[in-house]
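Not measured: the values here are computed from a predicted model. Proteins get letters first, then strands, A, B, ... in listed order; numbering begins at 1 in each. Both backbone and side-chain heavy atoms feed into the values below; hydrogens, waters and symmetry mates do not.
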Protein chains: 2
Amino acid sequence: MAEYFNQAHLLLAVDCIIFGFDGEQLKILLIKRSFEPATDQWSLMGGFVGANEDVDGAAQRILLELTGLKEVYLEQFKTYGDPNRDPMERTVSVAYFALIDIHKYEKQISHNFHAEWFLLNEAPKLIFDHDQMVEDAKKKVRYKAALHPILFELLPKKFTIPQLQSLYEQVYNTSIDNRNFIRKLSSTGLLIKLEDKDKSASKRGAFYFKLDKDLYKTKFQSFINFMPNLDNIIG
Amino acid sequence: MAEYFNQAHLLLAVDCIIFGFDGEQLKILLIKRSFEPATDQWSLMGGFVGANEDVDGAAQRILLELTGLKEVYLEQFKTYGDPNRDPMERTVSVAYFALIDIHKYEKQISHNFHAEWFLLNEAPKLIFDHDQMVEDAKKKVRYKAALHPILFELLPKKFTIPQLQSLYEQVYNTSIDNRNFIRKLSSTGLLIKLEDKDKSASKRGAFYFKLDKDLYKTKFQSFINFMPNLDNIIG
DNA sequence: GCAAAAGTGTTTCGGTTACACCCATGC
DNA sequence: GCATGGGTGTAACCGAAACACTTTTGC
């Protein structure tokens, strides 16, 4: 096959920022790196893009290989191209973030590959520019979640309003008035109330809800102001 | 220097979607490709990332080399990684969009490199996946401009309200009530009224305005609803 | 009976919409 | 004097914000 003349070839990697919610807390999944350089330091899930592999496909493959995760919400958000970002060899990295329900994948994750969940605020220092990637991913999620209902991707099929509210509060590191929150949610029509309650978190118990999936798909791209008045929170 | 073992290296390109406004119409800058494959077909401005070159830097360099453009608004928005997107050789492309005032750069552009401005709706078919890139870039600009004042980047220092409104109308392919439009703009405080008028478009003349640059920088990242009720326009 | 979390309404405020006429000028 | 585009105000409506108390139940 003909090739372009005299052009530099380089390594292309993908890195995944995996956000998870266990019903109570927002976490991030990290692994201990098992090869040089920076062996045994904490890192994002990453890997190289194969010679004939689609880049989005590579992100899915890596997620699957390292965690068993499949068909999760995964979105490309930025490509990092500083020539010195990897001290070993010039590597450009395409970064993705994933949103998952921790319980749904608990078993696969914990055993393979030294992966571990960290509270978002208690994550260790990461290799290379991975801390920057995490910062950017957090911003991106905050931005997108203010306008689109992506945070439901972090929840199990059945969830309660207090759980959902707690999730929003953690993502935006703020407190939300519960009456206004519920009103806004109801107005979207996305929630369907179920008949049973979650009694694990309180004596009274909180009703379970599920997503109206059709409406979710329809409305996903519309602007919905989930967090009005954010302005400078997002930066 | 040590290298990662046995990993596939590939070509990395950048492609720039350059949107321009001449005070009346919204356009896109394309070039006639001068090398194989697809010689003489229309294409985006693009080029390969050098061995020790920052990817964002490569985008700026290419913009400068092919058009003389410098210090323009340039934003990375998506990386295209289909292994078959370039029939010659596996090439991943990082796409950027630029927003410029056409008159400011008229001279440099027209003479070098067979670059030509096309009306956004009358652009010719492009090579590879460049049509898809343009579509994605249009969506991205619409999305971003609904929340942030980026469209000012397309205007000269002095501009009139009717020009600005026409720009918004073209970007969103819609018509806007001019009283409400002005009210919204005034409420942002971003505009400073000047004393002279543009008489080229009407007998009465329209007052020139300029941007309050400090406020522009401050407010750039805040959410401002420039186009409420968009919902499904954006997709 | 009391601690702990769930659930529920109202009022105020500000922004969004819809809508139609006069103004200034060049010809 | 008339054609052309520029510029201005108001009323109705709707969503956002602020605000506190009652309900349920396990212990």
Side-chain angles (χ1 to χ4, degrees), chain A residues 23-25 146-147 149 158-170 172 174-209 219 222-234, chain B residues 23-25 146-147 149 155 158-170 172 174-209 219 222-233:
Chain A
E24 294 182 355
Q25 295 184 295
L147 301 165
K158 289 164 59 176
F159 53 86
T160 67
I161 304 276
Q163 272 180 344
L164 183 58
Q165 181 171 343
S166 156
L167 174 55
Y168 272 88
E169 289 177 334
Q170 288 178 61
Y172 292 101
T174 184
S175 63
I176 300 175
D177 180 284
N178 65 340
R179 288 161 292 185
N180 292 336
F181 183 71
I182 291 170
R183 191 184 1 266
K184 174 154 299 174
L185 278 172
S186 319
S187 77
T188 66
L190 288 171
L191 294 190
I192 298 170
K193 190 173 190 169
L194 301 179
E195 303 204 332
D196 51 336
K197 286 183 165 188
D198 168 27
K199 296 221 165 193
S200 65
S202 75
K203 294 155 191 168
R204 181 177 178 179
F207 278 104
Y208 279 117
F209 288 77
K219 286 204 171 182
S222 346
F223 278 176
I224 302 178
N225 255 1
F226 286 98
M227 302 293 294
N229 265 15
L230 278 190
D231 271 39
N232 299 309
I233 295 182
I234 280 178
Chain B
E24 294 184 356
Q25 295 185 295
L147 301 165
L155 291 165
K158 290 163 59 174
F159 52 86
T160 68
I161 303 274
Q163 272 180 342
L164 183 59
Q165 180 171 344
S166 155
L167 174 55
Y168 272 89
E169 288 177 335
Q170 287 179 60
Y172 292 102
T174 184
S175 62
I176 301 175
D177 181 283
N178 63 342
R179 290 162 291 186
N180 294 335
F181 183 70
I182 291 170
R183 194 185 356 265
K184 175 152 300 173
L185 278 172
S186 320
S187 76
T188 66
L190 287 172
L191 294 189
I192 298 171
K193 191 172 190 170
L194 300 179
E195 303 206 332
D196 50 336
K197 285 183 165 188
D198 169 27
K199 297 221 165 192
S200 65
S202 75
K203 293 155 191 166
R204 181 178 178 180
F207 278 105
Y208 279 118
F209 288 76
K219 287 205 170 179
S222 341
F223 279 175
I224 302 178
N225 256 2
F226 286 98
M227 300 295 289
N229 264 18
L230 278 188
D231 270 41
N232 300 310
I233 296 182

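- Side-chain atoms of B:R179 lie closest to D:dG9 of the nucleotides D:dG9, D:dA20, C:dT16.
- In this model, a side-chain donor or acceptor of A:R183 finds a partner on the base of C:dT10 within 3.5 Å.
- When the C1' atom of C:dT25 is taken as reference, atom CG of B:D198 falls 14 Å away, rounded to whole Å.
- Both B:F207 and A:K197 lie close to DNA chain D; mapped to their nearest nucleotides by heavy-atom distance, the more 5′-ward contact belongs to B:F207.
- In this structure, B:M227 atom CE and C:dT16 atom P are separated by 12 Å, rounded to whole Å.
- The shortest distance between side-chain heavy atoms of B:L190 and B:P149 falls below 4.5 Å.
- Nearer to the 5' terminus of DNA chain C, by closest-nucleotide assignment, is the contact made by A:K203 (compared with the other of A:K203 and B:S202).
- Closest heavy-atom contact between A:K219 and A:I224: CD-CD1, 4.2 Å.
- Below the 3.5 angstrom threshold, one finds no donor paired with an acceptor across the side chain of A:D177 and the base of D:dA17.
- At a cut-off of 3.5 angstrom, counting only N and O atoms as typed in the model, there is a donor on one side and an acceptor on the other between the side-chain of A:N180 and the base of D:dA18.
- Rounded to whole Å, the distance from CD on B:Q163 to P on D:dG7 is 11 Å.
- Note: CD1 (B:I182) to P (D:dG5) measures 16 Å, nearest angstrom.
- D:dG15 atom P lies 18 Å from atom CZ of A:F181, rounded to whole Å.
- For the pair B:K197 and B:F207, the distance from NZ or CZ to the six-membered ring centre is under 6.0 Å and the angle to the ring normal is within 45 degrees.
- Atom CG in A:N178 sits about 18 Å away from atom P in C:dA4, given to the nearest Å.
- At whole-Å resolution of the value, CG in A:L185 and C1' in C:dG7 are 14 Å apart.
- Phosphate proximity of D:dA16 to A:K184: present, with a side-chain N or O under 4.0 Å from OP1 or OP2.
- Side-chain atoms of A:R204 come within donor-acceptor range of the base of C:dA6, with a qualifying N/O pair under 3.5 Å.
- The two residues A:F226 and A:L147 make their nearest non-hydrogen contact at CD1-C, 4.1 Å.
- Using a distance-only test at 3.5 Å, with no hydrogens or angles considered, no donor-acceptor pair links the side chain of B:K184 to the main chain of B:M227.
- For D:dG26, one of the phosphate oxygens OP1 or OP2 lies less than 4.0 angstrom from a side-chain nitrogen or oxygen of A:K199.
- In this structure, the CG atom of B:N225 is 13 Å from the C1' atom of C:dG14, given to the nearest Å.
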